[in-house]
Amino acid sequence: DGYEFKNFRHDPLNSDSLCYNFIMSLYVDSKGILWVGTEGGGLDRFNYETETFIHHQHDDNDPNSIPSNSVLSIAEDHFGTIWVGTRAGLCRLNQEDKTFFTFPPDPTGGGILHGSVRYIYKEPSSGLLWVCTSRGINIFDPRNEEFLQTIQRQKNNPDSLSNSGINYVLKSRSGNYWICTDWGLNSYDPETGKCIQFLHDPEDPESLIYNRTGNAYEDRKGNLWISTRDGLECLNPENGTFTHFRNDPADPYSLSDNQ
């Protein structure tokens, strides 16, 4: 009701309870179904009426099961198909027979760049999926299940990504993409393929406060809010400066924690 919390936890005596308490991802699809990705228990689908969970877990003897019980990301494409990012690849869920088709990491360059699929971003207009991994981004067309493009850090190229460990992608109002990485924030221009990197500079108090960036949100004024391992940042994209929000033990109205 917006005023009280109801807790759902794993109960070893109840097979319909949450499969695992360590939750990595949540996603509500177009039908209102809640999907829960866990770190070690697999993927759960929540039934609102019965308040029970349907489990999708890895089975070594079933090649059509989810490839890993570590579920890092969940997304739905324009056709209503659920895509799941795990620590063993990208997979497509067939909800009719509850089977998974997996796209494992492909060292030849024809598939996903790395097994750990941290985030899946659906491009609003084209419906393409940006598959964010520990070694870069694959742009994937779910219609024909084709990998179209990769975006990675290129050594000695200051116009490339600052780091290939990708945590989040967000399309801005200007049409560029904000990319949060393990080492810096990037503004990616899809027309030129170039990035503007935002990194911490100890000599500049208005630079990014910490290089490991997590999620991002663009507010109605066009400011970008970024989570880091050392506080919350607000970027003014017009001048490239950051305002820092951190915990202050002496201020009860400050951020509760920096992580």
Side-chain angles (χ1 to χ4, degrees), residues 25 72-73 75 83 85-87 89-90 103 105-126 128-141 146-204 206-218 222-242:
S25 52
L72 308 180
S73 52
W83 295 85
T86 74
R87 292 197 187 277
L90 173 71
F103 298 84
D106 185 352
T108 66
I112 64 171
L113 294 164
H114 192 270
S116 289
V117 179
R118 300 177 177 183
Y119 183 66
I120 306 170
Y121 173 73
K122 181 176 73 172
E123 207 286 328
S125 56
S126 68
L128 298 177
L129 301 181
W130 290 47
V131 183
C132 303
T133 79
S134 298
R135 292 184 182 169
I137 299 171
N138 289 104
I139 298 181
F140 177 75
D141 187 347
E146 180 182 2
F147 291 92
L148 304 177
Q149 180 185 350
T150 60
I151 304 172
Q152 293 177 286
R153 177 181 180 270
Q154 300 169 17
K155 191 175 181 180
N156 300 321
N157 181 359
D159 292 327
S160 71
L161 284 174
S162 59
N163 187 271
S164 289
I166 313 299
N167 298 315
Y168 198 80
V169 171
L170 175 69
K171 189 175 185 179
S172 71
R173 295 177 183 177
S174 68
N176 286 0
Y177 294 82
W178 294 107
I179 302 176
C180 297
T181 77
D182 287 347
W183 195 258
L185 172 71
N186 300 261
S187 176
Y188 173 76
D189 185 338
E191 297 296 327
T192 64
K194 294 182 178 181
C195 288
I196 298 173
Q197 301 178 5
F198 297 88
L199 297 165
H200 174 66
D201 180 355
E203 302 297 324
D204 182 0
E206 293 185 326
S207 70
L208 184 67
I209 197 167
Y210 197 80
N211 281 326
R212 186 177 178 91
T213 54
N215 293 351
Y217 174 78
E218 187 179 46
N223 297 314
L224 188 74
W225 296 81
I226 311 106
S227 63
T228 79
R229 288 290 182 90
D230 196 26
L232 177 67
E233 297 286 85
C234 182
L235 169 65
N236 182 335
E238 293 184 0
N239 58 26
T241 61
F242 292 83

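In what follows, every heavy atom counts, from backbone to side chain, and hydrogens, waters and symmetry copies are set aside.
Going from atom OG1 of T213 over to atom CG of L235 covers 11.5 Å, rounded to the nearest 0.5 Å. Atom-to-atom distance recorded for K122:NZ and L129:CG is 8.5 Å, nearest 0.5 angstrom. Note that CG of L72 is 7.0 Å distant from OG1 of T86, once rounded to the nearest 0.5 Å. Atom CG of L199 and atom CG of N211 lie 5.0 Å apart (nearest 0.5 Å). Interatomic distance, CG of D189 versus NZ of K194, reported as 9.5 Å (0.5 Å rounding). Between the CD1 atom of I166 and the CD atom of Q152 there is a distance of 9.0 Å, given to the nearest 0.5 Å.
The backbone N or O of S164 lies less than 3.5 Å from no partner atom in the side chain of T181, so there is not a single donor-acceptor pair. Of the possible donor and acceptor atoms, one in the side chain of H200 sits under 3.5 Å from a partner among the backbone N and O of L208. Checked by atom type and distance alone, the side chain of E191 never pairs as donor or acceptor with a backbone atom of N176 at under 3.5 Å. Judged by distance alone, with hydrogens and angles left aside, the side-chain atoms of E123 form a donor-acceptor pair with the main-chain N or O of S125 at under 3.5 Å. N163 places a side-chain N or O within donor-acceptor distance of the main-chain N or O of G165, the cut-off being under 3.5 Å.
Considering only heavy atoms from C-beta on, F242 comes within 4.5 Å of L185 through its side chain. Taking the side chain as every heavy atom from C-beta outward, W83 and V117 never approach each other to under 4.5 Å. For the pair I226 and C180, the minimum side-chain heavy-atom distance is below 4.5 Å. Between I120 and C132 there is no side-chain heavy-atom pair separated by less than 4.5 Å. Between D159 and T192 there is no side-chain heavy-atom pair separated by less than 4.5 Å.
Ring orientation note: the planes of F147 and F140 are tilted relative to one another, at an angle of 30° to 60°. Ring-plane geometry between Y177 and Y121 is classed as perpendicular, the angle between the planes exceeding 60 degrees on a 0 to 90 degree scale with a lower cut at 30.
In the model, N239 has a side-chain atom that pairs as donor or acceptor with a side-chain atom of T241 under 3.5 Å. Between the side chains of N215 and N167, no donor N or O sits under 3.5 Å from an acceptor N or O.
Nearest heavy-atom pair, E233 versus T228, reported as atom, atom and distance to 0.1 Å: CG-CG2, 3.8 Å. Contact between R173 and G222 at its shortest, heavy atoms only, is NH1-N, 4.0 Å. I112 and L90 get closest at one heavy-atom pair: CD1-N, 3.7 Å. For S160 against N186, the heavy-atom pair with the smallest separation is O-OD1, 4.1 Å. Taking all atoms of both residues into account, the shortest heavy-atom contact from P237 to W178 is CB-CZ2, 4.3 Å. When all heavy atoms are compared, the tightest approach of P105 to G89 is CD-CA, 4.4 Å.
The ring-ring contact (aromatic ring centres under 6.0 Å, His included) check on Y119 picks up Y168, with sequence neighbours excluded.
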Please assess Q149 against L128 for the test side-chain contact (heavy atoms from CB on, under 4.5 Å), listing each intermediate value before the final yes or no. CA-CA 11 Å; Q149 180 185 350; L128 298 177; over 6 Å; no

